Protein chains: 2
Amino acid sequence: MSAAEETAEPDDDTAKPWGEVTPEAARKLLVAAVEAFAERGYHATTTRDIAGRAGMSPAALYIHYKTKEELLHRISRIGHDKALEILQAAAEGPGTAAERLDGAVRSFVRWHAERHTTARVVQYELDALSDEHRAEIIELRRRTDAAVRRILNDGVKAGEFDVPDVPGTTLAVLSLCIDVARWFNAQGRRTPDEVGALYAGLVLRMVTAQQ
Amino acid sequence: MSAAEETAEPDDDTAKPWGEVTPEAARKLLVAAVEAFAERGYHATTTRDIAGRAGMSPAALYIHYKTKEELLHRISRIGHDKALEILQAAAEGPGTAAERLDGAVRSFVRWHAERHTTARVVQYELDALSDEHRAEIIELRRRTDAAVRRILNDGVKAGEFDVPDVPGTTLAVLSLCIDVARWFNAQGRRTPDEVGALYAGLVLRMVTAQQ
DNA sequence: CGGCGCGCTAAGCGCTTGCTCACCTTCGGG
DNA sequence: CCCGAAGGTGAGCAAGCGCTTAGCGCGCCG
């Protein structure tokens, strides 16, 4: 398994979204599950539906995953890892706090728009996870929150931002970005880039001193 | 049925949330369904669970509602009516655009926080509705959107606001408010009033000219 | 005070669910 | 050239699902 992973290029997870899921059949099943969960929700999706979308028999699912919940966990875990990676890269990057916040919101929103099927599963199907799996994911979300809070704190310290309630504003910024997954429609008028630019501008106004 | 409704005071739907659902047993079932749908989601909730929470047998549900989906529709319809009422009252009220926007966000957020179980069902279980019922609800949401957009347009016309993209900003404002239903926790540190005040302040910064 | 109708229940029907199991194919190594 | 592991299938099991139906208790009207 790790030998197969090494044959892939190291950075192709942006180009090929589920490149880290290694047996071909397991990836096909996982992609099918993402689509189905995003469309109908976890509980309304049957294992027969997932297998059918992947062009396989229902039993094939259980060769690669122990349960339907394990499939959801794999999706949620990989998605949260990606989300955290995006925000931490923005938080630890160069530039002023304003520039980093702009980049963070822009890329986080773009991810929620471009990959809104995945994001929908990642953000709205937490309750369906088992207790242990949910706890693991919640820890990742805590770190996501911390990355944004760090940018805001930096900006306040540098005098760039005027933010009376940093934790509350962190919540609002993440909230705004995450909700994109709920309403974004690929057939709609706005491209992911446009939404990212719009939202980054709005967030910067929220934190900038009013004069 | 209308005779029974007339015996209630005209304005008690704020004090007694589901006062408009008239046979006592039907209301108990609906309240139980709201709790169950909010906790587990529509598809993961069984009719036995709803009836059990209401202290009745599973069959009792079908005396008052034709199907489980009809229950969801009743909840969604009443909830959307209430949400629209809140925003239209704010939009058509007196005061400057800034004052009306402040009031709109404050009361809309407060509703999503205080009644976050109901709001969660209303905002996140649209997909489970039948096609006709979903179309009816989407029309209500269009009007909700229009109420906020009207405030923003008024503010721009009056020179109070600097909003380059009114439809996009309308989306963002509603998005911010709606997402409260996802994360709000009654055991958390913030009261609905505090969140409403915080969010109203952030939204005003989003639309106010920067100078 | 008899009986009628309404609100409710116990039991269960037909179906779908997540998941299993016996079996089949394919294919690289001795 | 056969063999065993890996990956797949068809059929089906037990459990749980939404919903129905036959019948029960009880308040109300003649």
Side-chain angles (χ1 to χ4, degrees), chain A residues 1-5 7 18 21-37 39-76 121 125 127-131 133, chain B residues 1-5 7 18 21-37 39-76 121 125 127-131 133:
Chain A
M1 179 144 88
S2 81
E5 267 167 11
T7 63
W18 300 105
V21 183
T22 39
E24 165 76 14
R27 177 168 51 246
K28 267 172 49 177
L29 284 163
L30 189 134
V31 169
V34 170
E35 282 172 22
F37 291 165
E39 265 178 40
R40 312 203 215 295
Y42 174 80
H43 288 292
T45 299
T46 69
T47 53
R48 284 162 178 81
D49 182 22
I50 297 169
R53 284 173 192 248
M56 306 176 90
S57 81
L61 202 151
Y62 294 90
I63 295 163
H64 300 282
Y65 304 95
K66 255 199 308 231
T67 62
K68 181 178 143 187
E69 192 269 345
E70 188 191 309
L71 238 180
L72 175 64
H73 173 241
R74 289 283 292 271
I75 294 166
S76 196
V121 179
E125 300 289 353
D127 294 346
L129 290 170
S130 71
D131 288 344
H133 286 162
Chain B
M1 180 145 88
S2 80
E5 268 168 11
T7 63
W18 300 104
V21 183
T22 39
E24 166 77 13
R27 177 167 52 245
K28 267 172 48 178
L29 284 163
L30 189 136
V31 169
V34 170
E35 282 173 23
F37 291 164
E39 266 178 39
R40 309 204 218 294
Y42 174 80
H43 288 293
T45 300
T46 69
T47 53
R48 285 163 178 81
D49 182 22
I50 297 169
R53 283 173 192 249
M56 305 175 90
S57 82
L61 201 150
Y62 294 90
I63 295 161
H64 301 283
Y65 304 94
K66 255 198 309 229
T67 62
K68 182 178 143 187
E69 191 269 346
E70 188 190 309
L71 239 180
L72 175 63
H73 174 240
R74 289 284 292 270
I75 293 167
S76 195
V121 179
E125 300 290 352
D127 294 346
L129 291 170
S130 71
D131 288 344
H133 286 162

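Note that these values count all heavy atoms, side chains included, but never hydrogens, waters or copies made by symmetry. None of these values were measured; they are calculated from a predicted model. Numbered from 1 within each chain, the chains take letters A, B, ... in sequence-line order.
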Where do N or O atoms of nucleotides 17-21 of chain C meet protein N or O atoms at under 3.5 Å, pair by pair?
unit_1, atom_1, unit_2, atom_2, d
dG18(C), OP1, T45(A), O, 3.0
dG18(C), OP1, K68(A), NZ, 2.8
dG18(C), OP2, T47(A), N, 2.9
dG18(C), OP2, T47(A), OG1, 3.2
dG18(C), N7, R48(A), NH1, 3.0
dG18(C), O6, R48(A), NH2, 3.1
dC19(C), OP2, Y62(A), OH, 2.8
dC19(C), OP2, K68(A), N, 2.9
dC19(C), O5', Y62(A), OH, 3.4

For [X] and [N], give me the distance from atom [atom1] to atom [atom2], rounded to whole Å.
{"X": "D49(B)", "N": "dG18(D)", "atom1": "CG", "atom2": "C1'", "value": "14 Å"}
{"X": "H64(A)", "N": "dG8(D)", "atom1": "NE2", "atom2": "C1'", "value": "8 Å"}
{"X": "I63(A)", "N": "dT25(C)", "atom1": "CD1", "atom2": "C1'", "value": "12 Å"}

Within the side chain of Y42(A), is there an N or O that forms a donor-acceptor pair under 3.5 Å with the backbone of V121(A)?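 Not confirmed, Y42(A) side chain does not pair with V121(A) backbone.
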On the ring face of F37(B), is K68(B) found with NZ or CZ under 6.0 Å from the centre and within 45° of the axis? no
Partner set under salt bridge (Lys or Arg N to Asp or Glu O under 4.0 Å) for E69(A), not counting sequence neighbours: none
Set of residues satisfying ring pair (Phe, Tyr, Trp, His ring centres under 6.0 Å) with respect to H73(B), sequence neighbours excluded: H133(B)
Can you build the contact string for nucleotides 22-28 of chain D? Use B for base contact, S for sugar-phosphate-only contact, and - for no protein heavy atom under 4.0 Å. -------
side-chain hydrogen bond (donor to acceptor under 3.5 Å, both in side chains) contacts in which one or both residues fall within residues 46-55 of chain A, not counting sequence neighbours: E39(A)-R53(A), R40(A)-D49(A), D49(A)-R53(A)
With A25(A), which residues qualify under side chain to side chain contact (heavy atoms under 4.5 Å, CB included), at least two apart?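 Testing A25(A) for side chain to side chain contact (heavy atoms under 4.5 Å, CB included), a comparison that skips the adjacent residues, returns M56(A), H64(A).
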Contacts of V31(A) that satisfy side chain to side chain contact (heavy atoms under 4.5 Å, CB included) - sequence neighbours left out: W18(A), R27(A), E35(A)
Listing request: all salt bridge (Lys or Arg N to Asp or Glu O under 4.0 Å) pairs with a residue in residues 58-67 of chain A, at least two apart in sequence or in separate chains. none
